[in-house]
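To start, the structure under review is shown below, and the notes come after it.
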Amino acid sequence: MKAKLNQYTPEIEPHMQSHLAAIVEAVYQKYGYDFRQYSEAHIKRRIMNRMAMSGLEDISQMPSKILNDEEFAFKLLQDLSITVTEMFRDPGFYRSLRENVIPILRTYPFIKIWHAGCSTGEEAYSMAIILQEEGLYDRTAIYATDFNQRALNRAKEGIFSNKLMKEYTANYQLSGGKESFSDYYTSNYDHVIMNQSLKKNIVWANHNLVTDSVFAEVHLILCRNVLIYFERELQNKTQKLFYDSLINGGILCLGAKEGLRFTDLYEKYIELDKKQRIFKKKY
Ligand SMILES: C[S@@+](CC[C@H](N)C(=O)[O-])C[C@H]1O[C@@H](n2cnc3c(N)ncnc32)[C@H](O)[C@@H]1O
């Protein structure tokens, strides 16, 4: 975003760009969260949304509000970190994971998986279910990371609304699920609790893709629906982090609207499944 701030874009006028820049700078200076290279459209949408709810009269008041009102800043941070997720999100992706990635993972004596930007954990639980069904979970460590501690705390609890289970069950079945989805949780009034057996090999950790370095050397990385919020330069930087974290022959999974084609590392992967955005690091 920094680089683009000097340019006029038809979508965002220069005076608005400078307000947005002042706001993300205040967040960075005071709290250390760096949104300076997130997509301007995303930043603007979230800031205007917070503006509408805040009672502030003018956007120029926001930087000082951020510096002086921690509660307000916390709400804005939550807004900027979009945590929307689901179990077996994009079932076709998980079907492909079973068909194309599991056979590769099976060849390793011990498997390490990194979910970068795991939000409230649904993606990591989906992975744990697949690994259990494929008989691989006991030799796997899942590292599930996010920079949103509130989302991570919820992920760790593994408690989800009962209302979502119908949709998640349908996703699970479409993704090639082999059991009864309800076997994986216990219902309790309006919520469900995921089985302890799914949680046992998941390590939840706070990690910021913008400011933190390589997390671990892993066989598989899922970073889905996160890079979509990053400008090109930051996407490149994050892709370098993933490349350095993967073993040779390791697998990278991106979201439905994300890709490698416009990054510096495109040549260093082969496409395992073009449609489902699954890539294999070349040896
Ligand atoms: C839309 S959710 C995607 C969740 C899940 N991967 C999925 O596809 O359903 C995006 C997540 O990325 C996280 N995120 C955004 N920027 C991040 C950063 N710099 N470092 C770590 N996580 C980040 C957000 O907190 C949020 O939980």
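The figures here come from the full heavy-atom set of this structure, side chains too, leaving out hydrogens, waters and symmetry mates. In each ligand, atom 1 is the first atom listed, and ligand 1 is the first ligand listed.
- For the atom pair Asn49 CG and Lys44 NZ, the distance stands at 12.5 Å (nearest 0.5 Å).
- Between the side chain of Ser81 and the main chain of Leu77, no donor-acceptor pair closer than 3.5 Å is present.
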Quick check for students: name every N or O atom pair between ligand 1 and the protein closer than 3.5 Å, with distances.
unit_1, atom_1, unit_2, atom_2, d
ligand 1, 6 (N), Gly117, O, 2.9
ligand 1, 6 (N), Glu123, OE2, 2.9
ligand 1, 6 (N), Arg224, O, 2.9
ligand 1, 8 (O), Arg89, NH1, 3.2
ligand 1, 8 (O), Glu123, OE2, 3.4
ligand 1, 8 (O), Arg224, O, 3.0
ligand 1, 8 (O), Asn225, ND2, 2.8
ligand 1, 9 (O), Thr85, OG1, 2.5
ligand 1, 9 (O), Arg89, NH1, 2.7
ligand 1, 16 (N), Tyr38, OH, 2.7
ligand 1, 19 (N), Tyr38, OH, 2.9
ligand 1, 19 (N), Asn208, OD1, 2.9
ligand 1, 20 (N), Leu209, N, 2.9
ligand 1, 25 (O), Ser81, OG, 2.8
ligand 1, 25 (O), Asp146, OD1, 2.6
ligand 1, 27 (O), Asp146, OD2, 2.6

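- In the hydrophobic clustering (ILVMFWY side chains linked at under 4.5 Å, chained through shared members), Phe110 stands by itself.
- Sorted by first and then second residue, the ring pair (Phe, Tyr, Trp, His ring centres under 6.0 Å) pairs with a member in residues 231-258 read Trp114-Phe242, Tyr243-Tyr269; sequence neighbours excluded.
- Nearest heavy-atom pair across Leu105 and Ile111 is O-CD1, 3.6 Å.
- The stretch residues 147-168 participates, sequence neighbours left out, in these ring pair (Phe, Tyr, Trp, His ring centres under 6.0 Å) pairs: Tyr33-Phe147, Phe35-Phe147, Tyr125-Phe160.
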